[in-house]
Novice: 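Right, I'll just put the structure down here and ask away after.
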Amino acid sequence: MAFLEVKDLKVYYPIRGGFFKRVIDYVKAVDGINIRLEQGETYGLVGESGCGKSTTGRALLKLTKTTSGQVLFNGTDLTSVSAHKMHELRKDIQMIFQDPYSSLNPKKRIVDIIAEPLRNYEHLSRKEENKVAREYMERVGLSSDSIYKYPHEFSGGQRQRIGIARALTLNPKLIVADEPVSALDVSVQAQVLNFMQDIQKEFNLTYLFISHDLGVIRHMCDRIGIMYQGRLVEEGLSRDIYENPQHIYTKRLISAIPNIDPAHREKQSAIRHQINDEYNKSYKNYFDNDGKAYQLKAISPTHFVALP
Amino acid sequence: MLKFLLRRILIMIPQLFILSVLIFTLAKAMPGDALSGQLENAHADPKVIAEQRQKLGLDDPIQVQYIRWINHAIHGDLGMSYTHKIPVTDLIGERLWNTLLLAAATLIVSYAIAIPFGVASGRWTNSWLDKWVTCYTYFTYATPLFIFAILMMFLFSFELNLFPSGGSVDPQAVPGTLNYFISKFTHLVLPTLSGALLATSTTIQFLRNEVIDTKIQDFVATARSKGVPESKVYSRHILRNSFLPIAAFLGYDITGLIGGSVFVESIYSYPGLGQLFLDSIQQRDFTVVSALVMISGFAALLGTLLSDIILSAVDPRIRID
Amino acid sequence: MMRLIEPLNTQPVNSEEKSPSALAILGRELVKDKLAMASIIILILLLSTVYITSLVLNQDQIVKIDLLEINAPPSEDHLLGTDQGGRDIFGQLIIGTRNSFSIGFLITLITGIIGLTVGLIAGYFGGIADNIIMRIIDFVLVLPFLMIVIVCATIVPKFNLWTFIFVMSAFLWTGKARLIRSKTLAERELDYVSASKTLGTPNWKIILREVLPNLSSIIIVNLTLNLAGNIGIESGLSFLGFGLPESTPSLGTLISYAQDADTIQNKWWVWVPASVLILVLMLCINFVGQALKRATDARQRKG
């Protein structure tokens, strides 16, 4: 039994139109995604904006209604589980949000933000709550004395750590990290990422790491899935994806990673042009008549590519 | 656009239906019915009354009565006035024009004041002009219409003797003459100003905020950097954006104008629909009352329809297709 | 791996020290606004005078018609003279102000609670319920409110204080509900609401503890401005003769005597004090409301 298994997940949004506002079509934000995660690993979900990667993450946490498919967490299907059972399971699955500004309620003190999950699940006294809040503030590298402050008194990086502290208080097993560093300065990004790796070891966390930044993904992830228009086009170990990309869309993405060394500039440019030509020429070989990716096919035990 | 129009009009049908049911219910709850409006003496023979009731269908099931009532209303028959003994439509007809004239004058004057002052105070924020205008809007926003109208009447009619205090025209003036026209105008001044001066405050505040918000936007900066002169920046770029919503609020204003007309017409004894409404209520002339409520509700519904259409025509983001 | 810790404020933080909450900011802005402060002081003085004096006054005595004292000018017996029924104006002003303010306050409270509940639910949950509620609100907003209230006032057999408040509230909750709904709609899209959901917080708690506090300043501003508006509507209806029953003293009734040409010209004591009182009341409440409104808009804050 896999730790987390997403089976043929679909999230469609209806488009209403016509005189009586009937549903005339759907936006297929997520269109049949299959993912397996083992405990303790970090799985990266990559794609351009609008490809459905964030929707996938939100659907796992039931923040978005799934149209069809299953999300099996330790064998329990989250899409059909009872509200009561879901409440229990929420402890194990937490999320880190992209925007450290809107994800913390500006009207609440840090202690209330960090203690919110505790109040829902564990009935502690005020004193114990404060103690836990202080503990976690220190765990994420912030002063435990600042728990009576309000979110606006912290920087973006600090806020993101508070968001992480809040997610950690329930000792979750799986954390969905939705672009956790893309709203932060590059200088702060590394701090937060390293910190996330630290706590992963410490708490034996499993990450579903959603990002559009290939550099960040390579730094963080064991396995990677490339998403395009609601479907996975390629999946494999970090090595498979970065060193042996097979799908034309993946190739294009990888070739777009900037290279710092100016000596390679000419070479890099030539590669990009070559891949762009290939993309234009062989587009039909990789996508069906509707412009959708094909089903994934194994080309090695760890490496899957969407081919006809 | 056509689809939007059609759907918007379609939404009005259930609204009209509920409005009519509401008014019918109120009318049924009112003492007196169509019969009491026709009987000459109150001491008629009970048997005759019963016969008459039968004939008029007052004993029919309520839904039958409703259908008959609405059917008549659609064909322009709103019943007979109990006190005036003439059809309600004739009674309203005379006064409708007075009210429309007052409403139109109020709207025109209020916009004529609000637009220049709103734009100027938004353009030169924190100038002395802006401060005075803001002060003015605070006062007019807070002042109730009936007190303001009384004060205006006291000051300009009784103390300064500049304008007449009541009526819509000098009864001695002969229609068609210049005198008649002037009399009509002087009678209109105070009621119009009372309504208009108070109505300006929201428009001024809205315009001021609009102009302040628009003048820092990128497209205005672009226009400036292209070398468009400052006056043109305002007339071409900022005002065009700020005026559209103002134009669209016209329709929504109708509900407010109806309410205002009740006060203004009552204070200045201006013979319009508002005064007719109050008179009819006092005389328990409920056929007239329900007809007036129906007409006002209908006018307000039409007004919002108009506003929605203007808004969707000028702002594609609102349009739902 | 080395842990990177961002430098925090180096000065020690007093652990019980609280940062300014939204309400504290509103309060601070009010104190800085001289006009608003003056308004609050006037309001407190005026209302405490009115409520304390009204306890002492004998209402039956005031509303009793005294044919010997009709339209008497101010004198020692009658501080502000009497009206056309020989009733003491000063006493009527006190009781009238108390009634107007209490009614305005009650209507604001009731419509506030209804508007808040409906607006929060419609905005937070959305869907069909929201659709239906919005249709109802749009419809009620279009109704010729004043006319229908007047009709109700004449056809309801026992029209008293409570029916009056009920009829008014039945119409006036809609504007608030619409405002709260649109703000809730914007608020629920923010990630802190999603975060609360993932943390297992039940919906009702999210609405009350997460969303509501973020709307507090808007609600306070709206309620304050509405209070003034409701006092205006109440006195306006009494002015037309469709507010409270005639036996109840009301500011609007006193002003309505000014519709008589003789009274408006020669008997200022009948209508001027009541008009001034309403104007002062409405202006003060509005100044406070406008100051609060500026305080919620960071661009206009005094700092």
Side-chain angles (χ1 to χ4, degrees), chain A residues 58 61-63 86-88 90-91 93-109 112-113 116-121 130 134 141-155 157-158 161 163 166-167 169-170 176 178 188 190-192 194-195 197-198 201, chain C residues 1-26 125-128 131 135 183 186-220 296 298:
Chain A
R58 297 180 85 89
L61 285 140
K62 293 185 90 168
L63 290 175
M86 189 63 209
H87 185 72
E88 285 304 307
R90 279 210 187 280
K91 281 206 288 196
I93 314 171
Q94 285 301 317
M95 185 156 180
I96 300 172
F97 291 88
Q98 173 176 8
D99 180 4
Y101 294 91
S102 75
S103 61
L104 302 182
N105 191 338
K107 295 280 150 102
K108 288 170 72 178
R109 294 174 307 172
D112 296 319
I113 290 175
E116 184 183 344
L118 295 174
R119 288 172 190 165
N120 292 328
Y121 290 98
N130 282 4
R134 281 168 185 277
L142 296 172
S143 155
S144 64
D145 286 332
S146 49
I147 56 168
Y148 294 106
K149 289 185 167 189
Y150 283 86
H152 68 262
E153 294 167 81
F154 294 89
S155 70
Q158 291 172 328
R161 287 165 188 229
R166 170 175 65 181
T169 46
L170 291 172
V176 176
D178 185 6
V188 184
Q191 290 178 14
V192 173
N194 290 341
F195 170 68
Q197 286 185 327
D198 285 1
K201 280 179 217 139
Chain C
M1 194 179 287
M2 203 186 80
R3 169 146 306 118
L4 293 149
I5 297 174
E6 280 180 55
L8 258 168
N9 303 6
T10 38
Q11 76 253 42
V13 185
N14 177 2
S15 58
E16 287 305 318
E17 184 189 43
K18 286 187 179 180
S19 308
S21 67
L23 293 183
I25 291 174
L26 285 189
F125 292 105
I128 300 169
N131 248 321
R135 281 282 138 77
K183 298 287 175 193
E187 212 63 33
R188 78 158 185 196
E189 296 303 320
L190 295 178
D191 273 342
Y192 76 84
V193 173
S194 300
S196 283
K197 281 183 189 164
T198 63
L199 297 169
T201 310
N203 282 327
W204 66 268
K205 245 187 191 169
I206 298 181
I207 293 177
L208 291 181
R209 302 243 180 103
E210 307 285 325
V211 177
L212 188 59
N214 279 292
L215 302 179
S216 58
S217 23
I218 295 160
I219 295 168
I220 290 170
T296 56

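The structure presented is a predicted model; accordingly, all values stated were derived computationally and were not measured. Excluded from the calculations below are hydrogen atoms, water molecules and symmetry mates; all remaining heavy atoms, backbone and side chain alike, are included.
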Novice: So which of A:Gln94, A:Arg119, A:Lys91 actually passes side-chain contact (heavy atoms from CB on, under 4.5 Å) with C:Leu199?
Specialist: A:Gln94
Novice: Let me confirm one number: the NZ-OH distance from A:Lys107 to C:Tyr192, rounded to the nearest 0.5 Å.
Specialist: 8.5 Å
Novice: Side chains of A:Lys62 and C:Thr198: closer than 4.5 Å at any heavy-atom pair?
Specialist: no
Novice: Any side-chain heavy atom of C:Ser194 sitting closer than 4.5 Å to one from A:Met95?
Specialist: no
Novice: If I compare all heavy atoms of A:Ser103 with all of C:Ala195, which pair ends up nearest, and what's the gap?
Specialist: O-CB, 4.1 Å
Novice: Looking only at non-hydrogen atoms, find the nearest pair between C:Leu190 and A:Ser102 and report the distance.
Specialist: CD2-CB, 4.0 Å
Novice: Given 3.5 Å as the limit, does a donor-acceptor pair link the side chain of C:Asn214 with the main chain of A:Asn105, or not?
Specialist: no
Novice: Does A:Arg90 reach the main-chain N or O of C:Thr201 with its side chain, forming a donor-acceptor pair under 3.5 Å?
Specialist: no
Novice: Show, in sequence, the C-alpha distance, side-chain angles and deciding distance for A:Glu116 and C:Arg209, and conclude whether the side chain to side chain contact (heavy atoms under 4.5 Å, CB included) test is met.
Specialist: CA-CA 10 Å; A:Glu116 184 183 344; C:Arg209 302 243 180 103; over 6 Å; no
Novice: What part of A:Leu63 lies closer than 4.5 angstrom to a heavy atom of chain C: side chain, backbone, both or neither?
Specialist: side chain
Novice: Identify which part of A:Arg166 has an atom lying under 4.5 Å from any heavy atom of chain C, answering side chain, backbone, both or neither.
Specialist: both
Novice: Between A:Tyr121 and chain C, with a heavy-atom cut-off of 4.5 Å, which part of the residue counts as in contact: side chain, backbone, both or neither?
Specialist: side chain
